[in-house]
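Down below is the structure, laid out as C-alpha cells.
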Amino acid sequence: MEDLSLRKKILALVLAIPSISFAKEIKCLSEMAYYEARGEGAHGIKVVTDVMFNRMKSNEFPDGVCANFIKKGQYSTAKMAGGKKDQGLYKKISEQVESEYAKYRLGDWQDSTSGSLYFNSNGSRPSNKVKFKGKRGRHFLYG
C-alpha cells in the first residue's frame, strides 16, 4: 500500500513541475503585457502577447517568455516602469494572458500580427532588416 501511495505522490509532484515553470512564464508575460498595453484593452494585450509567441517560435529569439522578456534591449517600457500597479487591471490582464498562453501551449493559438517579431508605439523601424507589417491599435508591427 505504501508503495502505491508514494508513486501517486511522485506522479503528482512530476505533474506539478511544468505548472511551476508555466506560472513563471505567465507572470513574465503578464508584466510585459501590463506595461506595454495596459491602456489598450483586450485587443492591445492580444497584440503584444502574439508578438511574444511569434518570438518564441522564431529561431532568432529564446524559446521562453521570461528569456525574451529579460533580453537586453527588448521591452524597455515594461522594464523601466515601476511603482504601483492597478491591481484590478493587472488581474484582468493576467487572466487574459493566462488564457492566451494556454491556447499557445495547446496549439489553439491564432496570431493577430501577421508573424510580427517586434512592436513599438512610435513607428520607428527597429532595424533595416525588418519590414513593416501593419498597425494594430497604437502598436506598429515589424517582422
Side-chain angles (χ1 to χ4, degrees), residues 4-143:
L4 182 59
S5 177
L6 181 59
R7 279 193 227 161
K8 284 183 179 180
K9 288 178 182 176
I10 291 170
L11 180 60
L13 182 61
V14 168
L15 291 174
I17 290 170
S19 300
I20 293 166
S21 69
F22 291 164
K24 184 177 178 183
E25 294 281 282
I26 291 166
K27 181 170 178 26
C28 288
L29 192 58
S30 296
E31 291 287 316
M32 182 277 297
Y34 179 83
Y35 288 113
E36 298 286 357
R38 69 180 174 257
E40 298 184 50
H43 181 72
I45 302 304
K46 170 89 170 118
V47 167
V48 298
T49 57
D50 285 353
V51 169
M52 178 65 81
F53 297 150
N54 286 329
R55 285 176 167 220
M56 290 167 55
K57 289 174 58 176
S58 167
N59 292 331
E60 298 175 45
F61 293 93
D63 63 359
V65 174
C66 296
N68 272 286
F69 184 59
I70 64 171
K71 188 172 171 66
K72 186 176 181 177
Q74 305 299 307
Y75 301 105
S76 58
T77 301
K79 289 176 187 171
M80 292 184 329
K84 296 186 179 198
K85 293 183 191 91
D86 175 330
Q87 291 302 315
L89 179 59
Y90 183 77
K91 183 176 189 245
K92 184 177 178 181
I93 289 170
S94 293
E95 289 169 356
Q96 179 182 346
V97 162
E98 186 172 353
S99 173
E100 291 298 325
Y101 186 81
K103 290 176 193 172
Y104 176 77
R105 287 293 177 196
L106 294 170
D108 293 335
W109 166 69
Q110 297 289 316
D111 179 27
S112 68
T113 69
S114 303
S116 297
L117 297 173
Y118 302 91
F119 67 83
N120 64 40
S121 59
N122 64 16
S124 64
R125 199 161 51 162
S127 150
N128 288 333
K129 296 177 183 177
V130 298
K131 70 177 199 167
F132 179 68
K133 296 238 181 190
K135 186 173 182 208
R136 308 282 188 289
R138 71 174 181 90
H139 290 103
F140 295 86
L141 302 168
Y142 305 90

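The analysis underlying the following values was restricted to heavy atoms, covering all of them including side chains, and did not include hydrogens, waters or symmetry mates.
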(message) Counting C-beta onward and ignoring hydrogens, is there a side-chain heavy-atom pair between Met52 and Tyr104 closer than 4.5 Å?
(response) no
(message) Ignoring hydrogens, what is the shortest heavy-atom contact between Val47 and His139? Give both atom names and the distance.
(response) CG1-CB, 4.3 Å
(request) Would you please classify the geometry between the Phe53 ring and the Tyr101 ring as parallel, tilted or perpendicular, with 30° and 60° separating the classes? (result) tilted
(request) Could you pull out the closest heavy-atom pair between Val48 and Met32, with the gap in Å? (result) O-CE, 3.5 Å
(message) I'd like to know whether CG of Asn122 has more than 12 heavy-atom contacts from other residues, nucleotides or ligands below 6.0 angstrom.
(response) yes
(message) If we ignore hydrogens and angles and just use 3.5 Å, is the side chain of Lys133 paired with the main-chain N or O of Gly143 as donor and acceptor?
(response) no
(request) Decide if atom CG of Asp86 counts as having more than 12 heavy atoms of other residues, nucleotides or ligands within a radius under 6.0 Å. (result) yes
(message) Tell me if a side-chain donor or acceptor on His43 pairs with a main-chain N or O of Arg136 at a distance below 3.5 Å.
(response) no
(request) Grab the two heavy atoms, one from Cys66 and one from Glu25, that are nearest each other, plus how far apart they are. (result) N-OE2, 3.2 Å
(request) Please say whether more than 12 non-hydrogen atoms of neighbouring residues, nucleotides or ligands are located less than 6.0 Å from CD in Glu40. (result) yes
(message) Could you report the tightest heavy-atom contact between Ser116 and Leu141, atom names first, then the distance?
(response) OG-CB, 3.2 Å
(message) Quick check: do Asn54 and Thr113 have side-chain heavy atoms less than 4.5 Å from each other?
(response) yes
(message) Are the side chains of Leu29 and Phe69 in contact, using a 4.5 Å heavy-atom criterion?
(response) no
(request) Please tell me if the side chains of Glu98 and Ser94 come closer than 4.5 Å, counting only heavy atoms from C-beta onward. (result) no
(request) Dump the intermediate steps for salt bridge (charged side-chain N to carboxylate O under 4.0 Å, His left out) on Lys92 and Glu95, then the final yes or no. (result) CA-CA 5 Å; Lys92 184 177 178 181; Glu95 289 169 356; over 6 Å; no
(message) How close do Lys46 and Ser112 get, counting heavy atoms only, and between which atoms?
(response) CG-OG, 3.8 Å
(request) Identify the residue among Arg125, Lys131, Lys129 that makes a side chain to side chain contact (heavy atoms under 4.5 Å, CB included) with Tyr142. (result) Arg125
(message) Can you confirm whether or not the ring centre of Tyr118 sits under 6.0 Å from the ring centre of Phe61?
(response) yes
(message) I need the Arg138 CZ to Asn120 CG distance, nearest 0.5 Å.
(response) 9.5 Å
(message) Measuring from atom CH2 of Trp109 to atom OG of Ser99, what distance do you get when rounded to the nearest 0.5 angstrom?
(response) 14.0 Å
(request) Please confirm whether the backbone N or O of Ala42 pairs with a side-chain atom of Gln96, one donor and one acceptor, at under 3.5 Å? (result) yes
(request) Taking the side chain as every heavy atom from C-beta outward, state whether Gln74 and Asn68 have any atom pair closer than 4.5 Å. (result) no
(request) Search all heavy atoms of Leu117 against all heavy atoms of Ser58 and return the closest pair with its distance. (result) CD2-CB, 4.0 Å
(request) State whether Lys85 and Glu31 are salt-bridged, where the test is any N-O pair (Lys NZ or Arg NE/NH1/NH2 against Asp/Glu carboxylate O) under 4.0 Å. (result) yes
(message) Keeping Thr49 on the side-chain end and Ile45 on the backbone end, is there a donor-acceptor pair under 3.5 Å?
(response) yes
